[in-house]
Amino acid sequence: QVQLVESGGGLVQAGGSLRLSCAASGRTFSSYAMGWFRQAPGKEREFVARISQSGISTAYADAVKGRFTITRDNAKNTVHLQMSNLKPEDTAVYYCNTDRGLGQYTIYDPRRYGYWGQGTQVTVSS
């Protein structure tokens with residue numbers, strides 16, 4: 001079982017950048033694809049990005065494509081989300097999670113993923 005702790009959130013002006021980190025415990029980290037999701041107040045949790053076990057394959061939500069980059073370091077059990085050109089609509093709590101590979105759900109569906117941690121707050125001011 002993998003436990004996850006997100007960090008790196010904060011308050012930033014529109015157009016700025018932040019780098020989120022997700023530290024994982026457990027020796028099976030490299031066997032999971034990993035995803036980042038976000039949830040804004042009053043809205044459903046939404047897919048942001050996903051990276052394959054090896055890090056070769058990535059996927060992004062249209063809203064963040066070209067601005068966000070997901071990477072991972074299996075030697076350090078970490079996943080990062082580099083966010084650039086941030087917009088006020090990016091304001092949300094950001095969560096990382098393990099992709100359990102449940103075939104009945106697409107990679108964009110939060111039900112495919114494991115236990116949700118506390119997340120890290122990102123606030124973008126206009």
Closest heavy-atom pair, S30 versus R72, reported as atoms and distance to 0.1 Å, is CA-NH2, 3.9 Å
Nearest heavy-atom neighbours spanning L86 and R67
CA-NH1, 3.8 Å
Does CD belonging to Q104 count more than 12 external heavy atoms closer than 6.0 Å?
yes
Once you round to the nearest 0.5 Å, how far does CD1 of I51 lie from CD1 of I107?
12.0 Å
Side-chain (R111) to main-chain (T106) donor-acceptor, under 3.5 angstrom:
no
At their closest point, which heavy atom of S126 faces which heavy atom of P88, and how far apart are they?
CB-CG, 3.8 Å
Are W36 and F29 joined in one hydrophobic group, where the rule is that I, L, V, M, F, W and Y side chains link up if heavy atoms are under 4.5 Å apart?
yes
Atom pair CD1/CD of I70 and Q82 - distance to nearest 0.5 Å
12.5 Å
Which residue, L4, N97, T78, forms the side chain to side chain contact (heavy atoms under 4.5 Å, CB included) with M34?
L4
With a 3.5 Å distance limit and no angle check, can you tell me whether T123 reaches the backbone of T91 through a side-chain donor-acceptor pair?
no
Is there a side-chain contact (heavy atoms from CB on, under 4.5 Å) between E6 and V93? Walk through the geometry before answering.
CA-CA 10 Å; E6 301 95 339; V93 178; over 6 Å; no
From T69 atom OG1 to H80 atom NE2, the distance as rounded to the nearest 0.5 Å:
12.5 Å
Is it possible for you to say whether L20 and Y95 belong to one hydrophobic cluster, with membership spreading through side-chain heavy-atom contacts below 4.5 Å?
no
Looking only at heavy atoms, which two atoms of R112 and G101 are closest? And how far apart?
NH2-CA, 3.8 Å
Please determine whether the number of non-hydrogen atoms from other residues, nucleotides or ligands lying under 6.0 Å from atom CD of Q3 exceeds 12.
no
I want to check something: taking the side chain as every heavy atom from C-beta on, are V48 and M83 in contact at a cut-off of under 4.5 Å?
no
Y32 versus Q53, closest heavy-atom pair with distance
C-CG, 3.5 Å
Tell me whether R50 contacts the main-chain N or O of Y108 through its side chain, where contact means a donor paired with an acceptor under 3.5 Å.
no
Give a yes or no on whether Y113 and Y94 share a hydrophobic cluster (residues Ile, Leu, Val, Met, Phe, Trp, Tyr; joining criterion: side-chain heavy atoms under 4.5 Å apart).
no
How many angstroms lie between atom CG of N85 and atom CG of D90, to the nearest 0.5 angstrom?
8.5 Å
Salt-bridge present (K65, D62; N to O < 4.0 Å)
yes
State yes or no: do F37 and L81 share one hydrophobic cluster built from I, L, V, M, F, W and Y residues joined by side-chain heavy-atom distances below 4.5 Å, directly or via other members?
no
Heavy-atom pair of closest approach, residues R38 and A92:
CB-CB, 3.8 Å
Test ring-ring contact (aromatic ring centres under 6.0 Å, His included) applied to Y115 - qualifying residues, sequence neighbours left out:
none
Transitive ILVMFWY cluster of Y105 at side-chain heavy atoms under 4.5 Å: who else is in it?
L102
F47 reachable from W116 in the ILVMFWY side-chain graph, under 4.5 Å edges:
yes
